[in-house]
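What's counted below: heavy atoms across the whole structure, side chains too, no hydrogens, waters or symmetry copies.
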Amino acid sequence: LTKRGFEVICAASGAEALQRLERIAFDGMIVDQMMPGMTGIELVRHLRAAPNTATMPIVMVTAVTQTETLTSALEAGADDYVTKPVNMDALVARLNARLHTATAKRPTPSTSAELGIIDSRYELLGKIGAGGFGTVFSARHIELQRPVAIKLLHTRHCSDPEVVENFRQEGVKACQLSHPNAVAVHDLGFTHDGTPFLVMELLRGHTLAERVSALPRGSLLSGAEVCEIGISVCDALEAAHEIGLVHRDVKPDNVFLDRSNATKTVKVIDFGIATLLDRSNLSTEADFGIGTPWYMAPERFGREPTLPQTDVFSLGVMLYELLAGSHPFAVAGTPTIGVARAMVKGKSVHLGTHRPDLPYGLITAVMGMLHAVPLERAALKTARAALVMYSAITKERASEKKGIFAITSPIGRRPSDDRHGQGRTGATRRLRSSPHITPAKAPAADEMTLSMPDPESQRHAIANATTARPGEE
């Protein structure tokens with residue numbers, strides 16, 4: 001479900017689910033019929049009796065196919081059901097249908113504001129999109145005639161006065177953040193019915209998540225683009241941390257590739273919004289609800305406070321995915337709870353296993369960002385320096401106009417480590433011709449396929465990348 005765009009929080013029992021619902025507002029729930037303590041049908045009855053969950057979409061999962069049991073689930077208040085073994089396509093389709101129906105029935109920011117004027121200063125012009133926190137509209141400042149984007153937050157997040165005050169404080173910090181790689185927040189306020197909103201610069205383009213999803217299956221972004229994105233995000237987060245602002249939800253969906261001007265600019269968005277679900281005490285369990293589990297730091301699954309190092313971990317996961325095409329803590333089919341356990345235990349797949357061609361410094365920096373202990377993670381400056389070095393390497397490759405290159409050893413190996421007598425550190429050997437790809441058909445240098453000269457060399461390169469100890473360069 002996480003891979004399909006949902007933000008998921010798990011509860012091991014009905015009692016735990018009810019406790020979480022006291023602190024966090026959910027869009028919907030998937031309930032297992034067989035649970036410890038109370039059955040799924042009993043839980044559904046509890047949910048339907050409470051005002052805040054009386055109309056929440058509920059899909060029941062059951063291994064029992066008898067008509068009597070299914071009828072009981074629906075009579076208790078479940079909106080739909082799926083049977084085990086669960087067909088994910090069927091579950092997602094039914095869940096989306098119920099969420100869509102529920103959304104259509106309740107007032108939305110667009111209908112409450114009626115695409116009119118809010119706060120006597122801003123005119124809403126049209127809906128741009130919607131997400132877990134709210135709905136974004138294109139708008140204009142009436143007096144200044146300036147185009148802006150306005151994010152109206154979902155009212156279900158702000159019934160607690162402490163939450164509203166916390167949002168106000170973080171919104172002020174977001175307004176103070178001034179950096180070319182962070183979306184500019186111009187203003188914040190509340191509509192006449194108490195709905196919080198943020199006024200931001202209007203961007204044109206798409207998110208990093210959309211950019212990656214548009215790639216052909218099995219393809220990765222070019223090295224140059226990964227460097228550009230990574231360096232920009234590092235710079236934006238450093239600027240935010242300097243004023244005491246922690247993003248808490250760094251992920252591809254919150255990195256925007258802006259094309260408002262002639263050049264592409266990387267922008268980190270949604271500063272100050274993730275804290276809307278937070279309480280005054282950042283170390284409470286409510287903080288677990290902020291963010292996407294696939295990118296959340298280990299301390300976020302417990303009661304530890306949120307620190308700048310939390311953003312470092314999330315960025316490390318994102319960089320790993322961009323470079324390797326896979327998640328550092330998951331293999332195919334790993335459920336979210338399994339990923340969370342691997343994160344807490346620090347059991348990641350070494351980046352060098354996937355990409356032995358990468359510079360040793362870059363591999364070390366990314367893996368250092370994924371440390372389970374916050375204060376032992378690599379600093380943003382270290383990651384940025386490694387990305388700058390990798391950027392220089394990709395530019396050097398791009399400057400070469402003839403032939404193709406084959407990696408003979410991972411960059412950073414000492415000459416004494418070279419077991420094939422190449423006698424080169426970090427390097428490449430030009431091939432004037434290739435039996436597989438001719439120079440005339442060679443791909444762009446920053447998107448080229450990096451191939452090993454022979455299997456034995458590749459085996460040693462992988463071993464070097466996965467067993468090297470700190471200090472070895």
**Request:** Kindly indicate, with the supporting measurements, whether the criterion side-chain contact (heavy atoms from CB on, under 4.5 Å) is fulfilled by Y390 and L358.
**Result:** CA-CA 8 Å; Y390 185 41; L358 293 175; 3.5 Å; yes
Using atom types as modelled, flag every donor-acceptor pair under 3.5 Å from a side chain in residues 369-379 to any protein atom, sequence neighbours excluded.
unit_1 : atom_1 : unit_2 : atom_2 : d
H371   : ND1    : V373   : N      : 3.0
H371   : NE2    : E376   : OE1    : 3.0
R377   : NE     : H371   : O      : 2.7
R377   : NH1    : E299   : OE2    : 3.0
R377   : NH1    : Q309   : O      : 2.8
R377   : NH2    : E299   : OE1    : 2.7
R377   : NH2    : H371   : O      : 3.4
R377   : NH2    : A372   : O      : 3.4

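- By the side chain to side chain contact (heavy atoms under 4.5 Å, CB included) test, A209 is found to be paired with T207, P252, D253, residues two or more places apart in sequence or in another chain being considered.
- When all heavy atoms of M367 and V349 are compared, the closest pair comes out as CE-O, 4.0 Å.
- The OG atom of S348 sits 10.0 Å away from the NE2 atom of H327 when rounded to the nearest 0.5 Å.
- Shown here for F26 and R20, the closest heavy-atom pair between the two residues is CE1-O, 4.2 Å.
- Screening residues 382-393 for salt bridge (charged side-chain N to carboxylate O under 4.0 Å, His left out) gives D235-R384 as the qualifying pairs, with residues at least two apart or on separate chains.
- In terms of the side-chain hydrogen bond (donor to acceptor under 3.5 Å, both in side chains) criterion, residue partners of D258 (sequence neighbours excluded) are, by chain and number, S260.
- Side chains of V61 and V31 form no contact here, defined as non-hydrogen atoms less than 4.5 Å apart.
- Residues M29 and V59 have side chains not in contact (no heavy-atom distance under 4.5 Å, counting atoms from C-beta outward).
- Between E225 and K264 a salt bridge is recorded (basic side-chain N to carboxylate O distance below 4.0 Å).
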**Request:** Begin from the C-alpha positions of R140 and V148 and carry the test side-chain contact (heavy atoms from CB on, under 4.5 Å) through to its verdict.
**Result:** CA-CA 5 Å; R140 69 181 181 93; V148 295; 5.6 Å; no
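- In this structure, S232 contributes its side chain and E228 its backbone to a donor-acceptor pair below 3.5 Å.
- From L257, atom CG reaches atom OG1 of T265 across 9.5 Å, with rounding to the nearest 0.5 Å.
- Distance check, rounded to the nearest 0.5 Å: CG of N254 to CD1 of I269 gives 5.0 Å.
- Applying the salt bridge (charged side-chain N to carboxylate O under 4.0 Å, His left out) test to pairs two or more places apart or on separate chains, none has a residue in residues 305-317.
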**Prompt:** Hey, mind stepping through R259 and L203 against side-chain contact (heavy atoms from CB on, under 4.5 Å) and telling me if it holds?
**Reply:** CA-CA 7 Å; R259 297 186 181 275; L203 304 177; over 6 Å; no
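- Here R146 does not pair with E201 in a salt bridge; the nearest charged N to carboxylate O distance is not below 4.0 Å.
- Listed for the E16 side chain is a donor-acceptor partner under 3.5 Å among the backbone atoms of A12.
- Not a single side-chain hydrogen bond (donor to acceptor under 3.5 Å, both in side chains) links S219 to another residue, sequence neighbours left out.
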Scan the side chains in residues 174-189 for donor-acceptor partners under 3.5 Å anywhere in the protein, sequence neighbours excluded, and list what turns up.
unit_1 : atom_1 : unit_2 : atom_2 : d
H179   : ND1    : N181   : N      : 3.0
N181   : ND2    : V266   : O      : 2.9
D187   : OD2    : R121   : NH1    : 2.8
D187   : OD2    : R121   : NH2    : 2.8
D187   : OD2    : Y122   : OH     : 2.9

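- How far CZ of F197 is from OG1 of T135: 14.5 Å, rounded to the nearest 0.5 Å.
- Judged as a side chain to side chain contact (heavy atoms under 4.5 Å, CB included), and not counting sequence neighbours, the contacts of T364 are Y360.
- Using a distance-only test at 3.5 Å, with no hydrogens or angles considered, a donor-acceptor pair links the side chain of N87 to the main chain of A90.
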**Request:** Please assess T2 against E7 for the test side-chain contact (heavy atoms from CB on, under 4.5 Å), listing each intermediate value before the final yes or no.
**Result:** CA-CA 6 Å; T2 302; E7 294 185 15; over 6 Å; no
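- Nearest heavy atoms, M296 versus F313: O-CE2, 3.4 Å.
- Put simply, the side chain of V212 reaches to within 4.5 Å of the side chain of L221, judged on heavy atoms.
- Contact of the V136 side chain with the K127 side chain is not registered, since no non-hydrogen atoms from C-beta on lie closer than 4.5 Å.
- The two residues M343 and P298 make their nearest non-hydrogen contact at O-CG, 3.3 Å.
- A 4.5 Å side-chain heavy-atom check between V250 and V317 finds every atom pair outside the cut-off.
- Remark: side-chain polar atoms of K173 are paired, donor with acceptor, to backbone N or O of G244 under 3.5 angstrom.
- Contact record, I150 with L124: CD1-CD2, 4.0 Å, taken as the closest heavy-atom pair.
- Checked against side chain to side chain contact (heavy atoms under 4.5 Å, CB included), P308 has the following partners two or more places apart in sequence or in another chain: H241, V246.
- Within the 4.5 Å cutoff, side-chain heavy atoms of F6 are placed close to those of L95.
- For the atom pair CG of L387 and CG of L380, the computed distance is 10.5 Å after rounding to the nearest 0.5 Å.
- The NE2 atom of H247 sits 7.5 Å away from the CG atom of L237 when rounded to the nearest 0.5 Å.
- Minimum heavy-atom separation, L315 to C234: CD2-SG, 3.7 Å.
- Remark: L220 engages R355 in a side chain to side chain contact (heavy atoms under 4.5 Å, CB included) (not counting sequence neighbours).
- Looking at heavy atoms from C-beta onward, M200 lies out of side-chain contact with L202 at the 4.5 angstrom threshold.
- By the side-chain hydrogen bond (donor to acceptor under 3.5 Å, both in side chains) test, K381 pairs with E238, sequence neighbours left out.
- The side-chain heavy atoms of Y320 and H354, taken from C-beta on, include a pair separated by under 4.5 Å.
- Under the ring pair (Phe, Tyr, Trp, His ring centres under 6.0 Å) criterion, F256 pairs with no residue at all, not counting sequence neighbours.
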